[in-house]
Amino acid sequence: MPFTPVLHAEWLKIRTLRALYGALVALFAVTTAFSAIAATGSTSDPGFDPLFTAFLGIGPGQIAAVAFGALAVSSEFTGGGLRLAFTAVPQRGRWYAAKLTGVAVPAFLTGLVTGAASLVVARAGLGSAADGLTAGQQLRGVAGCGLYLALMALLAAGLTALLRSAVGALSILVPLLLVVSFVLGTSAGGLPEYLPDRAGQVVLHARPDGSLGPWSGLAVTALWTAAVVAAGAWSVRRRDA
């Protein structure tokens with residue numbers, strides 16, 4: 001079967017699952033709300049970064065992106081859905097690629113809209129504190145927000161395909177994103193800087209001060225995602241439906 005109808009079928013599946021709509025709505029609402037709140041009380045911090053402050057809501061908001069990616073894949077593991085999918089599309093790699101595309105595109109587009117909205121509301125709260133931001137930095141922040149959230153959704157999708165469980169994937173990713181980075185902080189040398197969330201969020205800083213730049217940090221997150229997606233592809237190809 002050609003790729004286009006497979007992608008269309010996967011897109012129809014995603015459109016019919018209300019939980020996935022809810023995850024994307026939560027992604028937008030939580031990220032924007034937390035960014036607005038953060039913008040009202042951060043200008044007195046010694047390390048104040050107006051661009052990163054505008055996107056601080058991505059911390060809690062990314063959990064919704066992860067949930068979106070995990071649920072989009074785990075829905076196939078109930079009611080014999082995966083067996084039916086492989087019957088309709090014997091080329092498992094093609095099905096997997098279509099599924100990942102169906103995850104990445106909505107997550108990226110929602111991330112762009114979320115990034116733009118977060119920047120607007122945060123700038124309103126920051127007032128003159130955000131006047132030093134250049135157009136290029138703001139554009140990078142919005143584009144980086146979309147790319148980062150799409151990568152996190154794909155990371156969750158790949159891990160769910162590997163474990164065949166949304167619960168298993170979320171039980172790994174949620175503590176990693178909400179706890180591990182904060183606990184490690186700047187300890188363990190520079191290793192925490194290369195965690196997928198820490199590295200990817202460098203693109204949201206006006207002037208990064210670590211060893212990673214905006215796009216090299218995002219590339220590190222992309223490598224993490226590619227490795228997990230490849231492991232998920234192995235699971236899809238090798239394990240029984």
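Just so you know, residue 1 is the first one in the sequence shown, and it goes up from there.
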Among L195, L155, I172, V66, which one satisfies side chain to side chain contact (heavy atoms under 4.5 Å, CB included) with L177? V66
Mind checking the CE-CG spacing from M152 to L147? Nearest 0.5 Å is all I need. 13.5 Å
Distance (rounded to the nearest 0.5 Å) between I14 CD1 and L20 CG: 6.5 Å
Keeping the roles fixed (side chain from S235, backbone from A161), state whether a donor-acceptor pair exists under 3.5 Å. yes
For V6 and R94, work out which heavy atoms get closest and say how close. CG1-O, 4.2 Å
Would you list the atom pairs, donor with acceptor, under 3.5 Å between side chains in residues 21-33 and any protein atom, with sequence neighbours excluded?
from : atom 1 : to  : atom 2 : distance (Å)
T31  : OG1    : L27 : O      : 2.7
T32  : OG1    : F28 : O      : 2.7

What's the spacing between F34 CZ and I58 CD1 if we round to 0.5 Å? 13.5 Å
Y96 side-chain N/O to V229 backbone N/O, donor-acceptor pair under 3.5 Å: yes
Between the CG atom in L170 and the OG1 atom in T160, the distance rounded to the nearest 0.5 Å is 6.5 Å
So does A72 get a backbone contact from the side chain of K13, meaning a donor-acceptor N/O pair under 3.5 Å? no
Between CD of Q201 and CD of Q62, what distance do you get to the nearest 0.5 Å? 5.5 Å
Quick one: are V203 and R140 in side-chain contact, heavy atoms under 4.5 Å? yes
Taken in chain and number order and not counting sequence neighbours, the residues that satisfy side-chain contact (heavy atoms from CB on, under 4.5 Å) with T101 are F3, L7, V105
For A39, is there any backbone N or O sitting under 3.5 Å from a side-chain donor or acceptor partner on T53? no
So, the side chain of R237 versus the backbone of R92: is there a donor-acceptor pair under 3.5 Å, distance only? no
Contact between S211 and E193 at the side-chain level, heavy atoms closer than 4.5 Å - yes or no? yes
For the residue pair L71 and L17, establish whether any side-chain heavy-atom pair is separated by less than 4.5 Å. no
Looking at residues at least two apart in the chain, or sitting in another chain, which of them share a side-chain contact (heavy atoms from CB on, under 4.5 Å) with D209? none
Cut-off 3.5 Å, no hydrogens considered: what does the side-chain donor-acceptor table look like for residues 107-121, sequence neighbours left out?
from : atom 1 : to   : atom 2 : distance (Å)
T110 : OG1    : P106 : O      : 2.7
T114 : OG1    : T110 : O      : 2.7
S118 : OG     : T114 : O      : 2.9

Do L173 and L159 pass the side chain to side chain contact (heavy atoms under 4.5 Å, CB included) test, and can you show the C-alpha distance, the side-chain angles, and the key distance before you say yes or no? CA-CA 9 Å; L173 291 176; L159 189 57; 3.8 Å; yes
What are the two closest non-hydrogen atoms of E10 and A98, and how far apart are they? CG-CB, 3.9 Å
CG on L12 to NE2 on H8, rounded to 0.5 Å: 4.0 Å
Enumerate donor-acceptor pairs with a distance under 3.5 Å from any side-chain N or O in residues 122-133 to protein atoms, sequence neighbours excluded.
from : atom 1 : to   : atom 2 : distance (Å)
R123 : NH1    : Q138 : OE1    : 3.1

For A156 and A169, which heavy atoms make the closest approach, and how far apart are they? O-CB, 4.3 Å
Acceptor/donor pairs from residues 215-222 side chains to any protein atom, 3.5 angstrom cut, sequence neighbours excluded:
from : atom 1 : to   : atom 2 : distance (Å)
S216 : OG     : G213 : N      : 2.7
S216 : OG     : G213 : O      : 3.2
T221 : OG1    : P196 : O      : 2.6
T221 : OG1    : G200 : N      : 2.9

